[in-house]
Amino acid sequence: MPVNFLPVKPFLRATVRIGEKGEAELHTPGGVLEVEAPEGMGQRDFLRLLRLLDGSRTIGDLERETGLDGEAVREVVEPAVVWGLVDDGAVPAASSGLAVLSRLEDVLNRLLEDLVFAGPFWREVLERPETLQRNVFFGFGLENWFFLFRENEFDSAVLALAESAELRAMLNDFYQEEHRHDDIVLRAFQPLGVTRDDLLRARPLPTTTALIKTLSWWARTDPLFFVATIGVLEGRLDSDSDGPDGRIAYDSFLAACDRIGLEPAFVEPMRAHARVNAGHDHGSVSRELFARVPGVDAETERRWHDKAHLFVEAYAAFFNGILEHYSDPRRPLLRTGDI
Amino acid sequence: MSDFAGFRRPSLRPGVRSGPTADGGIEFTYLDGRRFVEFEFDAGRAERFQDFVAVLAGGGLSAAELGAAFPGSPQEYGEMLAALDEQGMIAEAEEAAEGGMSGVSAYAHLRRHADRVRAEVRSPLVEALVDGSVTRGQLIGYAVEYWHITHLCPRALAPALARDDLGLPVWEKLMHFYMTERNHDRMMEKSLAAVGVPRETLLRAQPLPATMAIMASLGVYAYNFPLALISTLFPMEEPEPEFLELFRLRCAELGLPEGFVRPIVSHSDVNEDEAHEAVSLDLLADFPYLSTETVRECAKAVADVIEQRARLDAEVVSWYGAGGELRDFGHHGYPTQAGKALTCAPLTSLA
């Protein structure tokens with residue numbers, strides 16, 4: 001691999017002094033280094049060049065001001081960069097974590113409106129819940145259980161987040177708070193005659209698996225992007241505030257259940273889970289975490305905006321897959337194999 | 001208001017529109033009117049609220065200043081911002097990242113840090129090479145451990161290739177590096193074959209604990225902290241010409257064949273030719289920002305690898321110098337005496 005990195009404006013991270021015998025010395029916090037001019041370069045030119053490496057001059061500027069040719073300048077600068085004595089003196093380029101999350105929220109908000117709330121599942125649940133097969137409501141509970149049952153797969157993947165001790169501790173708290181949430185929802189299935197053992201034999205819809213695995217992959221390969229999705233998954237818009245046409249967000253599922261008079265034995269455990277999440281303010285998890293992210297560079301932010309589309313597509317498919325499958329009352333509630 | 005606990009300058013989200021309503025209130029719309037909220041005010045307060053909305057939209061005030069500028073009670077302030085936020089209309093206006101440095105500065109920082117750490121550790125193997133006390137078994141043992149490093153290297157690097165948060169140029173460079181590191185164990189196998197240690201035997205052998213610790217560290221960084229992997233490449237890959245010179249000399253003195261020495265020197269030359277020590281810099285130069293804590297954690301990783309390498313040198317001397325042979329425990333049982341020399345002797349203090 002060739003060494004192709006050369007700072008645009010080299011900055012010497014050491015003080016140049018002249019030793020007792022006229023030798024050039026670089027004084028760093030770690031000690032003093034004696035350095036020699038490359039072959040063919042005079043000591044005066046060498047010292048002058050070193051002193052001009054103040055982060056304000058390009059290689060071209062250095063050539064002009066020292067009268068040395070570019071090759072000679074590079075012969076001094078290149079090894080000094082590899083030794084860690086010269087850097088680019090650049091101001092790090094990044095935005096605050098919350099500013100980046102805010103812009104990502106804007107992308108997510110629009111996509112949620114376009115793909116999730118305008119999608120068939122939520123339109124039906126919000127606008128015409130009484131026309132839906134009851135299995136759709138039960139299916140929502142079941143697919144949510146599958147999601148909660150496998151939540152450890154993605155939440156656990158960020159428990160060892162290396163870059164920030166504070167974020168790591170918060171993610172561990174979040175993991176603990178989420179642990180066994182599947183058991184809270186489990187009680188909802190008693191009136192359906194569905195036991196935990198039945199669920200362990202069953203498999204989720206492919207749209208549910210797609211969401212789980214996609215999140216698990218991001219948690220492993222792009223952990224901060226995964227962290228940014230938690231606010232959506234845990235329902236930031238989980239209050240009972242009404243929009244102009246009466247549409248509301250996630251807990252409108254419970255409102256729809258109430259509206260059609262679905263069995264409390266099914267609805268109440270679902271409500272208990274929603275209440276636990278609201279109590280932990282889980283809708284704010286992404287923000288609380290990103291408030292501790294010191295900075296994010298522009299290229300990373302751009303990638304996250306791109307991925308946000310894929311995330312909301314998977315999220316919308318999770319909901320719409322429920323409507324598609326459970327609308328047919330001939331299909332059994334659980335898809336189980338023979339093993 | 002826990003939603004805003006971390007906001008430094010809460011502001012109205014760009015793209016949210018506000019305007020007066022017929023009855024003197026203010027309405028806010030967002031996402032082509034699909035998100036909507038309206039506030040009514042007592043007649044005498046409408047103007048002051050309009051002024052506040054302009055301030056909120058400007059995003060110029062800190063969270064505390066904004067609260068103080070609100071023309072109503074703290075409870076009303078909380079309710080108004082919560083109502084706006086429920087519709088996704090609040091954003092953070094503070095753009096500045098905290099501290100941190102560019103990847104090039106981080107490299108310079110790590111490199112200087114490495115020099116300071118190196119000055120604090122000593123290598124019993126180098127000392128044995130210098131004073132001539134090194135044995136034939138220790139020199140072969142060094143080559144065996146070197147083989148383990150090259151053999152485990154692809155597995156240690158590979159997890160980083162699964163990461164999706166490094167950017168394409170970095171990924172491509174890591175892939176290239178991975179490709180160049182593949183099959184380096186074959187070079188070491190030539191060396192060991194010359195002293196009667198075939199590949200099949202090596203494949204049954206366990207590395208020394210420090211060899212394992214180094215490769216496990218790199219592998220775990222690759223999974224979980226690729227920047228630390230990138231940072232530790234330079235202390236792993238730096239050429240050591242003085243070491244090699246002494247190594248050659250002692251091998252010749254102890255009658256080790258040229259076929260043993262040559263591949264080791266060649267491997268070092270390959271690393272030098274491919275400028276493997278500059279890989280860290282080349283990769284870090286692609287990162288425009290690293291947080292202070294990230295660089296600090298990378299510096300710990302660099303220091304640790306340097307210390308582990310010193311431990312490895314000590315372990316080579318103690319294990320292979322105390323009668324420990326190739327670590328094929330399945331076939332040869334465990335030489336307890338060498339194990340005691342390895343684990344119970346005061347290796348910890350290398351300073």
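Just so we're on the same page: letters track the sequence lines, and every chain starts at 1. Predicted, not measured: the structure shown is a model, and the values here were computed from it.
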If you count heavy-atom pairs within less than 4.5 Å of chain B, which of [options] leads?
options                     : result
A/Ser95, A/Ala162, A/Gly31  : A/Ser95
A/Arg220, A/Arg13, A/Glu163 : A/Glu163
A/Ser164, A/Pro7, A/Ala157  : A/Ser164
A/Thr300, A/Val81, A/Val158 : A/Val81

>> Taking B/Asp164 first and then A/Arg303, would you say they form a salt bridge - that is, a charged N and a carboxylate O separated by under 4.0 Å?
In response: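 No, this pair does not count.
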Of all heavy-atom pairs between [X] and [Y], which one has the smallest distance, and what is that distance?
X        : Y        : answer
A/Glu105 : B/Ile90  : OE1-O, 4.1 Å
A/Pro92  : B/Gly100 : CG-O, 3.4 Å
A/Ala93  : B/Tyr289 : O-CB, 3.5 Å
A/Asp297 : B/Pro288 : CB-CG, 3.5 Å
B/Ser105 : A/Asp87  : OG-OD2, 3.2 Å
A/Thr221 : B/Arg163 : O-NE, 3.6 Å

>> For B/Tyr223, I'd like to know if atom OH has over 12 heavy atoms of other residues, nucleotides or ligands within 6.0 Å.
In response: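 Open: at most 12 neighbouring heavy atoms sit under 6.0 Å from OH of B/Tyr223.
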Is [X] reaching over with its side chain to a backbone N or O of [Y], donor-acceptor style, under 3.5 angstrom?
X        : Y        : answer
A/Ser96  : B/Glu94  : yes
B/Arg112 : A/Gly84  : yes
B/Arg35  : A/Arg110 : no
A/Asp88  : B/Ser102 : no

>> Using side chain to side chain contact (heavy atoms under 4.5 Å, CB included), reason through A/Leu85 and B/Arg111 one step at a time and then give a plain yes or no.
In response: CA-CA 8 Å; A/Leu85 293 167; B/Arg111 183 75 196 227; over 6 Å; no
Taking side chain as everything from C-beta outward and backbone as N, CA, C, O, which of these in [X] sits under 4.5 Å from a heavy atom of chain A? Side chain, backbone, both or neither.
X        : answer
B/Tyr30  : side chain
B/Ala96  : backbone
B/Glu95  : both
B/Leu290 : neither

Does a side-chain heavy-atom distance below 4.5 Å link [X] with [Y]?
X        : Y        : value
B/Asp85  : A/Arg287 : yes
B/Asp165 : A/Phe225 : no
B/Arg34  : A/Asp114 : yes

>> Looking at chain A, which one of B/Met101, B/Arg9, B/Glu98, B/Arg13 has the largest number of heavy-atom pairs inside 4.5 Å, strictly under?
In response: B/Arg13
> For the atom pair OG (A/Ser102) and CD (B/Glu92), what is the distance rounded to the nearest 0.5 Å?
Replying inline: 6.0 Å
So which part of [X] gets closer than 4.5 Å to some heavy atom of chain B, the side chain, the backbone, both or neither?
X        : result
A/Trp304 : neither
A/Ala165 : both
A/Arg292 : neither
A/Val100 : neither
A/Glu299 : neither

